[in-house]
> 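Dropping a structure here in structure tokens format, bear with me for questions.
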Amino acid sequence: MSTPIILPFNGIMPTIHPDAWIAPGAVVIGDVHIGADTNIWFGCVIRGDVNTIRIGARTNIQDGTIVHVTRKIGPTVIGSDVTIGHNATIHACTLHDFAFVGMHSAVLDFAEVESGGFLAAGALLTPKKRVPSGQMFAGNPAKYFRDLTQEEKDYIPFSATHYVELSRKYKR
């Protein structure tokens, strides 16, 4: 069975909680901290080479996503219970606890998705832009689209829990 690729950079090895699950073929490099029950899926690259990446607990980073940083000035901080959809680009930004980033989206330098904020699939959140709690931003560049429905608000924590359960099945 293949394993994930976990590599040091400049003598710094990633710190991965023993309860986290990193899929075979995912790559984690350098100054990266991954919290309990977080799951990093197939084909992801988490590259903390020229700055730091911090990922909380129970977060899911889905297949093909790239997480990177900006040299010296831009770490990436991803909170707990965050969902990041397939093939997203997360770059030198902050995703607060319970943030949601849709498939094929990009979050650029110093941008933020607040807790309960929702970035729609395919959206481009430009530098320093913020998705407020309870709102959906969509488009390229991303802008306010509408307030979230209660069903969408309820889906954000459900998604995180679902992926924790799914990753546990893969671990077995």
> Hey, mind stepping through D49 and V69 against side-chain contact (heavy atoms from CB on, under 4.5 Å) and telling me if it holds?
CA-CA 8 Å; D49 51 4; V69 293; 4.2 Å; yes
> Has the side chain of S80 got a donor or acceptor atom that lies under 3.5 Å from a matching backbone atom of G56?
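Not at all, since once roles are kept as given, no pair shorter than 3.5 Å links the two residues.
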> Rounded to the nearest 0.5 Å, what's the gap from NE2 on H33 to OG1 on T52? Could you check?
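Atom-to-atom, H33:NE2 and T52:OG1 are 8.0 Å apart.
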> I need the R47 CZ to H91 NE2 distance, nearest 0.5 Å.
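Taking CZ in R47 and NE2 in H91, the distance rounds to 7.5 Å.
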> Taking atom CZ of F145 as the centre, report whether more than 12 heavy atoms of other residues, nucleotides or ligands fall under 6.0 Å from it.
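Check fails, neighbour count at 12 or below.
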> Please check this pair: side chain of T89 against backbone of T65, looking for a donor-acceptor N/O pair closer than 3.5 Å.
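Not a single qualifying donor-acceptor pair exists.
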> Search all heavy atoms of Q135 against all heavy atoms of F137 and return the closest pair with its distance.
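Smallest interatomic distance, heavy atoms only, reads OE1-CE1, 3.4 Å.
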> Give me the ring orientation class for Y155 and F158: parallel if the planes are under 30° apart, tilted from 30 to 60°, perpendicular past 60°.
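Answer is tilted, since the angle falls between 30° and 60°.
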> Flag the pair W41 / Y170 as yes when their ring centroid distance falls below 6.0 Å, and as no otherwise.
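Yes, the ring of W41 comes within the 6.0 Å limit of the ring of Y170, centre to centre.
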> Once you round to the nearest 0.5 Å, how far does CG of L125 lie from OG of S105?
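The CG atom of L125 sits 9.0 Å away from the OG atom of S105.
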> Assess whether atom CD of E151 is packed by more than 12 heavy atoms of other residues, nucleotides or ligands within 6.0 Å.
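No, the 6.0 Å shell around CD holds no more than 12 heavy atoms from other groups.
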> For the pair S167 (side chain) and N39 (backbone), establish whether a donor and an acceptor sit closer than 3.5 Å, ignoring hydrogens and angles.
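Pair absent, no side-chain N/O of S167 close to backbone of N39.
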> CG/L95 to OG/S115 distance, rounded to the nearest 0.5 angstrom?
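Going from the CG atom of L95 to the OG atom of S115 covers 11.5 Å.
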> Evaluate whether atom NZ of K171 has more than 12 neighbouring non-hydrogen atoms of other residues, nucleotides or ligands under 6.0 angstrom away.
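Yes, because the 6.0 Å sphere around NZ of K171 holds more than 12 heavy atoms from other groups.
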> Minimum heavy-atom separation for A23 and P4, please, with both atom names.
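Smallest interatomic distance, heavy atoms only, reads O-CB, 3.4 Å.
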> When rounded to the nearest 0.5 angstrom, what distance separates CG in N51 from CD1 in I73?
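With rounding to 0.5 Å, CG (N51) is 8.5 Å from CD1 (I73).
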> Which of these passes side-chain hydrogen bond (donor to acceptor under 3.5 Å, both in side chains) with R58: D81, T83, D37, D97?
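Between R58 and the candidates, side-chain hydrogen bond (donor to acceptor under 3.5 Å, both in side chains) is satisfied uniquely by D81.
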> For the residue pair I156 and F118, what are the closest heavy atoms and their distance?
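Distance-wise, the nearest heavy atoms are CD1-CD1, 4.2 Å.
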> Are any side-chain N or O atoms of T76 and backbone N or O atoms of A92, one a donor and one an acceptor, separated by less than 3.5 Å?
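At least one qualifying donor-acceptor pair exists.
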> Measure from the side-chain N and O atoms of E152 to the backbone N and O of T149, and report whether any donor-acceptor pair falls under 3.5 Å.
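Yes; at least one donor-acceptor contact below 3.5 Å.
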